[in-house]
Amino acid sequence: MSEELYKEMAQSIIEGDSDKSVELAKKSIELQMHPLDTITKGFVVGVNYIGDQFGKGEAFLPELVMAGEAMKAAVATLEPELMKLGESREVMGRVVLATVEGDIHEIGKTLVGTMLSASGFEVYDLGVDQPAEKIIGKALEVDAHIIGMSALLTTTMVRQREVIEELDKEGLRPRIKVMVGGAPITKDWFQKIKADGYSEDAIGAVKIAKQLVGKADA
Ligand code: B1M
C-alpha cells in the first residue's frame, strides 16, 4: 500500500503536478504515515530523478522548475506533521539559517529549519541567496549559537567558506558555530573549510546542532 503511494508521490513530482503532490501529502497524513518517510521514500525519489535527467540533458529547466514547485508544495503540506515529531519544550539554542548567495534552492534548507524548530531550536530562516554580511549581521543581532548554511551548487558552495573566513577574521568563532549542508557538500569539504558541523540530511542536522550547543542526546 505505502509502496504504491510512494511511487505515486515520486510520479507527481516528475510530472510537476503540485495539486497531485499536495493531495498525496494529505492522504499520507490521513493514513498516519511517517512524514519523513513520505518525503524521503516518496517525493525526494521524484525530485532526484528529475535532477538526474536534467543533469543528463534529458529534462529541461521548466520541468525542473515545476518539479521544484510540486516538491515545495508537498513539503509545506507536511510541515505541521514534521513539527509534531519533535515536540521539544526545552529551548536548545538559536540558529540563523540561509541558502548562500547566488543559490535559490530552498527545499532542503527549509526542511532542515522545520526539523530544527520541531526539536526546540529558535530558527531564523533568512531564505535563499543570502550574502555573508546579511547572515553574519543576523547572527550578531539575535546572538545566534549556530549559523547554518545550505548550498546546492558546486559554484555556490565556496560561499560557505567565505562566511567562515569572515567570522574568523572578526574573531566570532568559536562563539558562533557553523553547520553546513546541501547536496554537493561532503565530509572532505566540511573539513577543508573548517566548519564545525555537517550533515547529509535533516535528521542528521538536528543531531549535529544539538552537539554544537552541548545538548547531544545521551
Ligand atoms: Co537545481 N540544480 N538548478 N533547481 N536542482 C540541482 C542542485 C542539480 C544537481 C541538478 C542537476 O543538474 N543534476 C544542479 C547542480 C549541478 C552542480 O552544481 N553540480 C542544478 C542546477 C544546475 C540548477 C540551475 C543552475 C539550472 C539552470 O538555471 N540552468 C539553477 C540554479 C539557480 C540558482 O540557484 N542560482 C537551478 C534551479 C532550480 C529550481 C529553482 C528549478 C529548483 C529549486 C526550487 C526550490 O528550491 N524552490 C531546482 C531543483 C528542484 C533541483 C533538484 C532537482 C532538487 C533539489 C531539492 O530540492 N532536493 C537538484 C538535484 C538534486 O539535488 N537531486 C538540483 C530535495 C531536498 C529535500 O534535498 O536540497 O539536497 P536537498 O537537502 C537535503 C540535504 O542536502 C540536507 O538535508 C536536506 C534534507 O535531507 N541539507 C542540509 C540541505 N541543506 C542543509 C543544511 C544543513 C544540513 C543539511 O545544515 C545547515
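Both counts, for ligands and for their atoms, begin at 1 and track the order of listing. Just so we're clear, the structure is a prediction, and the values are computed from it rather than from any experiment. Side-chain atoms are counted along with the backbone in the values below, which use heavy atoms only and exclude waters and symmetry mates.
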Q. Do any nitrogen or oxygen atoms of L64 lie less than 3.5 angstrom from nitrogen or oxygen atoms of ligand 1?
A. no
Q: Check E69 against ligand 1 and report side chain, backbone, both or neither, counting heavy atoms closer than 4.0 Å.
A: neither
Q) So, K27 and E30, do they make that salt bridge, N to O below 4.0 Å? A) no
Q) Would the number of heavy atoms belonging to other residues, nucleotides or ligands and lying under 6.0 Å from CD of Q32 be above 12? A) no
Q.
Tell me whether atom 24 (C) of ligand 1 lies less than 4.0 Å from at least one protein heavy-atom position.
A. no
**Q.** A202 heavy atom under 4.0 Å from ligand 1
**A.** yes
Q: Flag the pair D125 and K138 as a salt bridge only when some basic side-chain nitrogen lies within less than 4.0 angstrom of an acidic carboxylate oxygen.
A: no
Q) Between K84 and E81, is there a side-chain N and carboxylate O pair less than 4.0 Å apart? A) yes
Q: Give the residue and atom name of whichever protein heavy atom lies nearest to atom 7 (C) of ligand 1, and the separation in Å to one decimal.
A: L152 O, 3.4 Å
Q: Quick one: look at V112 and ligand 1, take heavy-atom pairs under 4.0 Å, and tell me if it's side chain, backbone, both or neither.
A: side chain
Q: Flag the pair R159 and D103 as a salt bridge only when some basic side-chain nitrogen lies within less than 4.0 angstrom of an acidic carboxylate oxygen.
A: no
Q: Pick, from T40, T154, T99, the option with the minimum heavy-atom distance to atom 19 (N) of ligand 1.
A: T154
**Q.** Proximity winner for atom 80 (O) of ligand 1, if only heavy atoms of D201, I107, V128 are counted
**A.** D201
Q) Which protein non-hydrogen atom lies closest to atom 14 (C) of ligand 1, naming both residue and atom, and how far is it? A) L153 CD2, 4.3 Å
Q: Identify, by atom number and element, the atoms of ligand 1 in contact range of E106, meaning under 4.0 Å from any of its heavy atoms.
A: 45 (C), 46 (O), 47 (N)
Q) Ion pair present between K20 and E15, side-chain N to carboxylate O less than 4.0 angstrom? A) no
Q) Between the candidates G108, S199, G148, which shows the shortest non-hydrogen contact distance to atom 78 (C) of ligand 1? A) G108
(Q) Checking a contact table here: which protein heavy atom is nearest atom 76 (C) of ligand 1, and how many Å away? (A) E200 O, 3.4 Å
Q | Nearest-contact summary for atom 61 (C) of ligand 1 - protein heavy atom, Å | A | N48 OD1, 3.9 Å
**Q.** atom 26 (C) of ligand 1: the protein heavy-atom neighbour that sits closest, reported with distance to 0.1 Å
**A.** F54 CZ, 3.7 Å
Q) Who's the nearest protein heavy-atom neighbour of atom 50 (C) of ligand 1, and how far? A) G68 CA, 3.8 Å
Q. At what distance is the nearest protein heavy atom to atom 38 (C) of ligand 1, and which residue and atom is it?
A. H105 NE2, 3.4 Å
Q: Report yes if T155 has an N/O atom closer than 3.5 Å to an N/O atom of ligand 1; otherwise report no.
A: no
Q | Proximity of V180 to ligand 1 by residue part, where a heavy atom lies under 4.0 Å | A | backbone
Q. When you check the gap from the basic side-chain N to the acidic O, do R173 and D196 get nearer than 4.0 Å?
A. yes
Q: Compute whether any side-chain donor of one residue and acceptor of the other, for E8 and Y6, lie under 3.5 angstrom apart.
A: no
Q. Considering distance alone, does some N or O of I50 sit under 3.5 Å from an N or O of ligand 1?
A. no
Q.
Give the atom numbers and elements of ligand 1 that come within less than 4.0 Å of a heavy atom of G181.
A. 82 (C), 84 (N), 85 (C), 86 (C), 87 (C), 88 (C), 89 (C), 90 (O)
Q: List every atom of ligand 1 that sits less than 4.0 Å from any heavy atom of D103, numbering the atoms from 1 in the order shown and giving each element.
A: 34 (O)
Q) Any idea which of G46, S150, A183 brings a heavy atom closest to atom 70 (O) of ligand 1? A) A183
Q: Assess whether atom CD of E200 is packed by more than 12 heavy atoms of other residues, nucleotides or ligands within 6.0 Å.
A: no
Q.
Can you tell me how far apart NZ (K72) and OG (S18) are? Round to the nearest 0.5 Å.
A. 10.0 Å
Q. With a cut-off of 4.0 Å, which atoms of ligand 1 are near a heavy atom of V65?
A. 41 (C)
Q: Heavy-atom contacts with L61 under 4.0 Å: which atoms of ligand 1 show up? List them by number with element.
A: 26 (C), 27 (C), 28 (O)
Q: Check if G102 has a non-hydrogen atom at a distance under 4.0 Å from any atom of ligand 1.
A: yes
Q) To which protein heavy atom is atom 54 (C) of ligand 1 closest, and what is the distance rounded to 0.1 Å? A) V47 CG2, 3.8 Å
